[in-house]
Amino acid sequence: RLKSEALEERGKALEDARAEADRRALDVEQASRYKSEFLANMSHELRTPLNSVLILARDLADNDTGNMSDDQVESARVIHESGTHLLALINDVLDLSKVEAGKMTLDPVTIAIADLVQVIRGRFAPVATDKGLGFQVEVDPDLPRSLKADRGKIEQIANNLVSNAIKFTSEGGVTVRLSLTGDGHVLALSVADTGIGIAPQDRQRVFAAFEQADSGTSRQFGGTGLGLTISRKLARLMGGDITLDANGDKGSVFTLLLPLAGTTQLPAPRCAPEP
Ligand code: ADP
């Protein structure tokens with residue numbers, strides 16, 4: 001009898017411990033949700049006044065009336081530049097808190113791959129050229145012509161990867177290459193650069209929030225340290241991922257992988273079956 005009582009007591013203690021662990025897990029989950037909601041609300045509240053600051057600082061920096069001294073114009077320019085950085089940070093925090101709170105939704109549409117590539121090329125080729133860099137694009141001719149996915153999010157990720165590739169490649173640093181390939185199941189959008197590269201021990205870290213490969217370099221290049229974190233979370237939300245490798249002995253290759261399931265398998269005209 002004593003033995004069975006002791007056993008019963010132990011069972012109860014175990015049950016209590018389990019209930020306590022469940023309660024704690026719930027508390028942590030709730031705290032994390034509160035944190036994300038707080039950040040999302042705060043980001044909204046910060047954006048409105050900041051937009052006014054940016055517009056007014058830009059007006060002052062343009063000095064249309066010609067009433068300001070050079071120093072005053074320079075101060076207005078610095079206010080605008082710092083405000084722009086702050087706005088980028090707020091937008092990134094808002095995106096991150098949305099994904100983490102499970103509130104980021106997907107809006108899948110049919111995307112013509114050629115059109116997507118054209119948009120990215122149109123946006124970044126001039127930026128690369130300005131920096132004395134080549135901008136190459138290669139599209140596997142066997143890729144399906146279109147895929148069904150959230151176009152805005154794919155563009156956001158591509159913008160982040162390509163702008164980083166240009167940012168971290170010094171002037172005249174050869175070339176940035178955007179390539180799209182596929183194996184029937186997965187679309188791979190790779191951005192390869194011949195820039196400063198990322199040491200093997202930093203390759204996981206750069207995907208963590210606010211992490212930059214090197215604090216000295218980051219001061220030189222600016223940025224929020226959130227772009228890759230958000231990009232990888234968005235890629236995973238779409239059922240894909242982002243990988244990072246060295247580009248031979250110079251630079252990096254970031255690859256966005258996306259499932260091709262649900263794509264419209266339109267054969268390219270050259271492989272269309274004979275009528
Ligand atoms: P940000 O560029 O705003 O700092 P990201 O999350 O996009 O933030 O990138 C994090 C860090 O990863 C960068 O600060 C940089 O150290 C490193 N990084 C990203 N892309 C590249 C690249 N193409 N070449 C070298 N380093 C890179």
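We use all heavy atoms of the structure for the numbers below, so side chains are in, but hydrogens, waters and symmetry mates are not. Computed from a prediction, not measured in an experiment: that's the story for all the values here. Numbering of ligands and ligand atoms starts at 1, following listing order.
Of the possible polar contacts, one joining the T229 side chain to the F207 backbone as a donor-acceptor pair under 3.5 Å is found. Judged by distance alone, the side chain of R177 and the main-chain N or O of Q136 form no donor-acceptor pair under 3.5 Å. Using a distance-only test at 3.5 Å, with no hydrogens or angles considered, a donor-acceptor pair links the side chain of N247 to the main chain of D193. Without hydrogens or angle criteria, D62 side chain to D64 main chain gives no donor-acceptor distance under 3.5 Å. Looking only at distances, no side-chain donor or acceptor of D202 sits under 3.5 Å from a matching main-chain atom of R205.
Of all atoms in ligand 1, numbered sequentially from 1 with element shown, those under 4.0 Å from a heavy atom of N164 are 2 (O), 5 (P), 7 (O), 9 (O), 19 (C), 20 (N), 23 (N). If you number the atoms of ligand 1 from 1 as listed, the ones under 4.0 Å from a heavy atom of L226 come out as 6 (O), 8 (O). For ligand 1 and S252, the ligand atoms under 4.0 Å from any heavy atom of the residue are 24 (N). The F254 neighbourhood of ligand 1 comprises atoms 20 (N), 21 (C), 22 (C), 23 (N), with distances under 4.0 Å to a heavy atom of that residue. In summary, the atoms of ligand 1 found under 4.0 Å from a heavy atom of G197, numbered by their order in the structure, are 25 (C).
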Compile the donor-acceptor pairs under 3.5 Å between side chains in residues 75-82 and protein atoms, sequence neighbours left out, one pair per line.
| unit_1 | atom_1 | unit_2 | atom_2 | d |
| --- | --- | --- | --- | --- |
| S75 | OG | D71 | O | 3.0 |
| R77 | NE | E74 | OE1 | 3.1 |
| R77 | NH1 | E81 | OE1 | 2.9 |
| R77 | NH2 | E74 | OE2 | 2.8 |
| S82 | OG | V78 | O | 3.0 |

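Considering backbone and side-chain N/O atoms, G225 comes within less than 3.5 Å of an N/O atom of ligand 1. Looking at ligand 1, you won't find any N or O of F168 less than 3.5 Å from one of its N or O atoms. Between T229 and ligand 1, no pair of N/O atoms sits closer than 3.5 Å.
Residues H44 and R47 are in side-chain contact: their nearest non-hydrogen atoms beyond the backbone lie under 4.5 Å apart.
Contact annotation for L161 and ligand 1: no heavy atom of the residue comes within less than 4.0 Å of the ligand. Looking at I198 against ligand 1, only its side chain comes within 4.0 Å, counting heavy atoms. Residue D193 touches ligand 1 through its side chain alone, judged by heavy-atom distances below 4.0 Å.
Residues passing the salt bridge (charged side-chain N to carboxylate O under 4.0 Å, His left out) test with D150, sequence neighbours excluded: K153.
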